[in-house]
**Q** 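Mind looking over this structure? Questions follow.
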Amino acid sequence: MSGTSSNGTADSEASGSADAPAALVLGGGGARAAYQTGVLCYVGEAFPSASVPFMTGVSAGSINAAHLAADPGPWKDRTARLTSYWEDLTAEDVFAPRSLWTIARSILWTAPSEKQTLLDTAPLRAYLDRRLPTDAKGRLTGVAENLEADRLQGLAITTSNYATLQTVTWVQGCSMQNWDRPNRVGRRAILSLDHVMASTALPMVFPAVRLDDAWYGDGGLRMLDPLAPAIHMGADRLFVVSTRYERSQAEANRAARAPAYPSPFQMMGILSNVLLLDVLEHDAAVLRRINRLVRQLRPEQREPLQPIDLLVLRPSVDLGALAGDYWMDLGGVMGSLLSTVQWRTDPPPDWWSMLLFHPDYLDRLLEIGYNDAKRQHDRIEAFFAREPVDQSASVRS
């Protein structure tokens with residue numbers, strides 16, 4: 001079953017023992033990950049003793065997951081510290097633009113390993129290196145310390161292997177075995193800044209990262225089962241924060257009447273949503289259906305299947321459309337392209353929201369996430385207590 005509210009939305013299911021381990025599942029969305037942080041800020045304040053021993057992240061969500069997994073403080077302090085990082089974040093902390101000359105030179109006159117991308121993420125790596133406890137090799141020492149102190153049971157970061165086209169999830173902690181599924185695998189590893197940077201590397205925009213003997217990019221590119229890593233690690237309760245706005249049918253009908261021919265930027269936004277956001281919602285819908293089937297079986301018939309408790313929080317407003325209210329000069333080739341194209345007339349600029357590390361936009365997303373979580377307080381409380389969820393809101397199939 002799934003419940004929704006007119007002020008922010010949440011899908012939830014609950015059953016079983018309160019002792020079962022929970023996992024935090026954070027998807028992609030670039031700058032939209034500030035929304036996730038706003039949600040977590042409220043959860044930390046309202047439920048300071050909440051237990052979330054497993055954490056998984058993909059794309060921008062891997063940055064938030066790594067921060068929380070490496071911070072040694074109590075849950076409330078960890079979420080508050082993560083929020084303060086986003087409050088201080090600027091575009092200069094994330095990327096530097098590349099000039100046309102730099103890109104042309106890398107394509108025509110340098111080795112193939114030269115970074116041939118529109119933006120350089122060296123500033124982001126330096127920023128994370130300052131914020132996350134690491135050793136000389138960039139390994140996330142805070143994760144190992146939290147695992148040893150029992151403040152954490154596992155962290156998973158997902159990437160895409162450009163050579164094999166497989167989704168590769170790197171896991172530190174827990175007792176899971178490596179897994180192999182069609183087009184996706186799980187591997188035990190000592191996680192580092194390289195894993196985080198690889199998970200966030202949007203193709204053509206951010207440079208790929210070398211892990212072991214291959215090049216890796218954004219983990220959301222072919223990730224058809226984003227909830228699977230948390231389940232493989234042993235969690236049977238999933239707290240999912242999506243950055244995808246769920247349009248009403250009336251909103252979809254209004255968008256369908258747009259007279260303009262779809263521009264390249266509009267199509268980029270569609271592809272961004274399909275690759276990075278829609279699969280999370282699809283996987284949650286599949287899991288809810290499987291739960292209903294499993295619950296129809298008698299307990300002795302279920303083994304080894306068990307229902308997976310699920311809570312999905314998503315934005316109450318369209319974060320992509322909201323990005324159209326803000327402007328930021330990217331500079332370089334991408335900035336020049338933007339200055340010559342009337343992109344701001346497109347229906348919602350979803351692609352732009354992923355790069356919009358503008359302080360005012362980020363503050364707005366933090367606020368929306370915080371207030372959405374506050375309005376879903378009862379469902380969040382039920383999730384952590386494993387109590388039946390209030391079904392007074394409208395129900396969707």
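In what follows, every heavy atom counts, from backbone to side chain, and hydrogens, waters and symmetry copies are set aside. Throughout, residue positions are numbered sequentially from 1 according to the sequence presented.
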**Q** If you take all heavy atoms of Trp179 and Pro229, which pair is closest and at what distance?
**A** CH2-CA, 4.0 Å
**Q** Taking all heavy atoms of Pro315 and all of Ser242, pick out the closest pair and write down the distance.
**A** CD-O, 3.4 Å
**Q** Which heavy atom in Pro123 sits nearest to a heavy atom in Phe95, and how many Å separate them?
**A** CG-C, 3.9 Å
**Q** Passes side-chain contact (heavy atoms from CB on, under 4.5 Å), Leu356 versus Leu362? Steps please.
**A** CA-CA 8 Å; Leu356 188 59; Leu362 299 181; over 6 Å; no
**Q** Mind checking whether Met197 and Leu124 have side chains closer than 4.5 Å, heavy atoms only?
**A** yes
**Q** Hey, does the side chain of Arg184 reach the backbone of Pro226 with a donor-acceptor pair shorter than 3.5 angstrom?
**A** no
**Q** Is Tyr35 reachable from Val317 through a run of hydrophobic residues whose side-chain heavy atoms are each under 4.5 Å from the next?
**A** yes
**Q** Show the nearest heavy-atom pair for residues Gly57 and Ser199, with the distance to one decimal.
**A** O-OG, 4.3 Å
**Q** Centre-to-centre under 6.0 Å for Phe383 and Phe239, is that the case here?
**A** yes
**Q** Any sub-3.5 Å donor-acceptor pair from Thr243's side-chain atoms to Gly28's backbone N or O?
**A** yes
**Q** Donor-acceptor pair, distance only, cut-off 3.5 Å: does the side chain of Asn146 make one with the backbone of Leu152?
**A** no
**Q** Determine, step by step, whether Thr134 and Leu128 satisfy the side-chain contact (heavy atoms from CB on, under 4.5 Å) criterion, reporting the C-alpha distance in whole Å, the side-chain angles of both residues, the deciding distance to 0.1 Å, and the verdict.
**A** CA-CA 9 Å; Thr134 58; Leu128 294 177; over 6 Å; no
**Q** Assess the side chains of Asp93 and Tyr127: does a donor N or O sit below 3.5 Å from an acceptor N or O?
**A** no
**Q** For Asp135 and Arg139, indicate whether the former's side chain and the latter's backbone hold a donor-acceptor pair under 3.5 Å.
**A** yes
**Q** What pair of heavy atoms forms the shortest contact from Cys41 to Thr83, and how long is it?
**A** CB-OG1, 3.2 Å
**Q** Does a salt bridge link Arg125 with Asp194, judged by any charged N lying under 4.0 Å from a carboxylate O?
**A** yes
**Q** Do Trp170 and Thr159 have side-chain atoms, one donor and one acceptor, less than 3.5 Å apart?
**A** yes
**Q** Taking all non-hydrogen atoms of both residues into account, name the closest pair between Gly30 and Ala60 and its distance.
**A** O-CB, 3.4 Å
**Q** Would you kindly say whether Trp86 and Asp363 are connected by a side-chain donor-acceptor distance under 3.5 Å?
**A** no
**Q** Can you check whether Pro133's main-chain N or O pairs, donor with acceptor, with Thr141's side chain at less than 3.5 Å?
**A** yes
**Q** Check step by step if side-chain contact (heavy atoms from CB on, under 4.5 Å) holds for Ile308 and Leu238.
**A** CA-CA 7 Å; Ile308 303 294; Leu238 307 183; 3.7 Å; yes
**Q** Taking the side chain as everything from C-beta on, heavy atoms only, tell me whether Ile380 gets closer than 4.5 Å to Leu311.
**A** yes
**Q** Is it the case that the side chain of Gln36 and the backbone of Gly27 share a donor-acceptor pair, with hydrogens and angles ignored and the cut-off at 3.5 Å?
**A** yes
**Q** In this structure, are over 12 heavy atoms from other groups packed under 6.0 Å from Ile190 atom CD1?
**A** no
**Q** Are the side chains of Phe47 and Glu381 in touch, meaning some heavy atoms are under 4.5 Å apart?
**A** yes
**Q** Under 4.0 Å between a side-chain nitrogen and a carboxylate oxygen: does that hold for Asp180 and Arg187?
**A** yes
**Q** Between Gln172 and Leu191 (side chain of the first, backbone of the second, donor and acceptor by atom type, cut-off under 3.5 Å), is there such a pair?
**A** yes
**Q** Go through the side-chain N and O atoms of Ser59 and Asp218 and say whether any donor and acceptor fall under 3.5 Å apart.
**A** yes
**Q** Using side chain to side chain contact (heavy atoms under 4.5 Å, CB included) as the criterion, point out the one residue from Val241, Leu82, Thr79 that pairs with Asn64.
**A** Leu82
**Q** Would you check if there is a donor-acceptor pair between the side chains of Tyr42 and His377 at a distance under 3.5 Å?
**A** yes
**Q** Report yes if some heavy atom in the side chain of Asp372 is under 4.5 Å from a heavy atom in the side chain of Leu313; otherwise report no.
**A** no
**Q** Between Ile231 and Asp236, is there a side-chain heavy-atom distance shorter than 4.5 Å?
**A** no
**Q** Is the closest side-chain heavy-atom distance between Leu155 and Leu147 below 4.5 Å?
**A** no
**Q** Say whether Ser353 and Arg32, considering side chains only, have a donor N or O and an acceptor N or O under 3.5 Å apart.
**A** yes
**Q** Kindly say whether Arg188 contributes a backbone atom to a donor-acceptor pair with the side chain of Asn178 at under 3.5 angstrom?
**A** yes
**Q** Under 3.5 Å, side chain of Arg78 to main-chain N/O of Gly73, donor-acceptor pair present?
**A** yes
**Q** Side chains of Phe384 and Val52: closer than 4.5 Å at any heavy-atom pair?
**A** yes
**Q** Just by distance, do the side chain of Asn161 and the backbone of Val168 share a donor-acceptor pair under 3.5 Å?
**A** no
